[in-house]
Amino acid sequence: MSAVMTRGLLFVHSAPSALCPHVEWAIGSVVDKRTDLDWTAQPAAPGMFRAELSWMGAPGTGAQLASALRGWAHLRYEVTEEPSPGVDGARWSHTPELGIFHGMTDVHGNIVVSEDRIRYAYEAGAGDPAVVYHELSLALGEAWDEELEPFRHAAEGAPVRWLHQVG
């Protein structure tokens, strides 16, 4: 019987040069394989570097990657994991200012907001549409998208590498 596998992407949107080897080490510790990324200058943040990595591994690898990179100052990144049999897709976004955001995704990569989260937004709003809007904005990760958008556009045309998890 074959193991269920999924795939995803890791976008390191900005990292200082001194942090780049540590990012590679953290990724390697998750995928159990040495990782050498192709770092390029990040035009949206002079003096910073960016890299992309396509990965394949067991469901949950995306969460492990996001956790391995979490909390480092000056590091902006996103991890995506595609849905697999019995497992929803997911996206993790991190910025130094906002911390980490996690959202479940559908097959097209859209953030899916659960019924319970929507109910919470209604209840927290208690009739105030501005509060409901704020809560739904948080549930969708809009603040993270706004902060990361300039870094995403600066990456257009960048090379992508594939990495397969060992074991």
Side-chain angles (χ1 to χ4, degrees), residues 4-16 19-20 22-23 26-27 29-31 42-156 158 160 165:
V4 174
M5 299 294 274
T6 189
R7 60 186 177 172
L9 297 168
L10 166 63
F11 300 97
V12 179
H13 292 298
S14 71
L19 193 55
C20 294
H22 299 282
V23 169
I27 295 166
S29 71
V30 171
V31 298
Q42 173 52 276
M48 298 288 216
F49 294 87
R50 61 165 319 284
E52 296 180 9
L53 178 73
S54 295
W55 58 267
M56 183 176 278
T61 299
Q64 291 174 340
L65 287 167
S67 294
L69 299 174
R70 183 178 181 191
W72 286 344
H74 309 296
L75 184 63
R76 288 178 182 84
Y77 67 88
E78 290 182 278
V79 179
T80 63
E81 180 171 310
E82 291 185 4
S84 55
V87 181
D88 292 328
R91 183 173 81 209
W92 296 263
S93 302
H94 179 272
T95 74
E97 295 79 18
L98 298 171
I100 198 160
F101 166 79
H102 171 254
M104 303 309 293
T105 58
D106 65 14
V107 297
H108 304 290
N110 298 306
I111 295 292
V112 177
V113 180
S114 72
E115 176 182 343
D116 288 339
R117 187 67 175 99
I118 294 170
R119 286 184 195 282
Y120 174 79
Y122 284 149
E123 291 169 7
D128 183 348
V131 174
V132 174
Y133 176 84
H134 173 75
E135 290 299 327
L136 292 177
S137 177
L138 285 174
L140 292 169
E142 287 181 348
W144 287 263
D145 283 339
E146 288 172 12
E147 187 170 328
L148 291 172
E149 197 62 22
F151 296 91
R152 293 172 180 150
H153 286 292
E156 290 178 3
V160 177
Q165 185 172 14

- Message: Holding to side chain to side chain donor-acceptor pair (under 3.5 Å), I want the full list of residues that pass it with E78, two or more places apart in sequence or in another chain.
- Response: H13, S93, R152

- Item | Pair T6-V87, side-chain contact (heavy atoms from CB on, under 4.5 Å): steps then yes or no | CA-CA 9 Å; T6 189; V87 181; over 6 Å; no

- Item | Test item: S54 and L9 side chains (from C-beta on) under 4.5 Å apart, heavy atoms | yes

- Note on the structure: Distance col, row R117:CZ vs L140:CG, nearest 0.5 angstrom, shows 9.0 Å

- Note on the structure: Taking every heavy atom of E147 against every heavy atom of P96, the minimum-distance pair comes out as OE2-CD, 4.4 Å

- Message: Regarding E135 and R119, does a basic nitrogen lie under 4.0 Å from an acidic carboxylate oxygen?
- Response: no

- Message: Would Y77 and I100 count as a side-chain contact (heavy atoms from CB on, under 4.5 Å) here? Give the steps.
- Response: CA-CA 9 Å; Y77 67 88; I100 198 160; 3.6 Å; yes

- Applying side-chain contact (heavy atoms from CB on, under 4.5 Å), name anything that partners P16, two or more places apart in sequence or on another chain. L19, M48, H74

- Write down the atom of G60, the atom of E81, and the distance for their closest heavy-atom approach. N-OE2, 3.0 Å

- Item | Whether H94 side chain and A66 backbone form a donor-acceptor pair below 3.5 Å | no

- Item | Nearest atoms (heavy-atom pairs only) where A139 meets V113 | CB-CG1, 4.0 Å

- From F151 CZ over to Q42 CD, what is the distance, rounded to the nearest 0.5 angstrom? 6.0 Å

- Note on the structure: Sorted by chain and number, sequence neighbours left out, side-chain contact (heavy atoms from CB on, under 4.5 Å) with D128 holds for A130, V131

- Message: I'd like to check the ring pair (Phe, Tyr, Trp, His ring centres under 6.0 Å) partners of H22; sequence neighbours left out, ordered by chain and number.
- Response: none

- Looking at CZ of R91 and CZ of F11, how far apart are the two atoms once the value is rounded to the nearest 0.5 Å? 10.0 Å

- Verdict with supporting geometry, T80 and T105, side-chain contact (heavy atoms from CB on, under 4.5 Å): CA-CA 9 Å; T80 63; T105 58; over 6 Å; no

- Query: Applying salt bridge (charged side-chain N to carboxylate O under 4.0 Å, His left out), which residue pairs with at least one partner in residues 62-75 are found, sequence neighbours left out?
  - Reply: none

- Item | Heavy-atom pair of closest approach, residues S29 and A26 | OG-O, 2.7 Å

- Run the numbers on L148 and F101 for side-chain contact (heavy atoms from CB on, under 4.5 Å), then give the verdict. CA-CA 12 Å; L148 291 172; F101 166 79; over 6 Å; no

- Item | Set of ring pair (Phe, Tyr, Trp, His ring centres under 6.0 Å) partners for F49, sequence neighbours left out | none

- Query: Nearest 0.5 Å, what's the CG-OH distance between L136 and Y120?
  - Reply: 11.5 Å

- Tightest non-hydrogen contact, residues T95 and W144, listed as CG2-CD1, 4.2 Å

- Query: Less than 4.5 Å apart, any side-chain heavy atom of W92 and any of L65?
  - Reply: no

- Message: With a 4.5 Å cut-off on side-chain heavy atoms, are E82 and M56 touching?
- Response: no

- Message: On a heavy-atom basis, which atom in D106 and which in V112 lie closest, and how many Å separate them?
- Response: N-CG2, 3.6 Å

- Inter-residue atom distance S67.OG - H102.NE2, 0.5 Å rounding: 9.5 Å

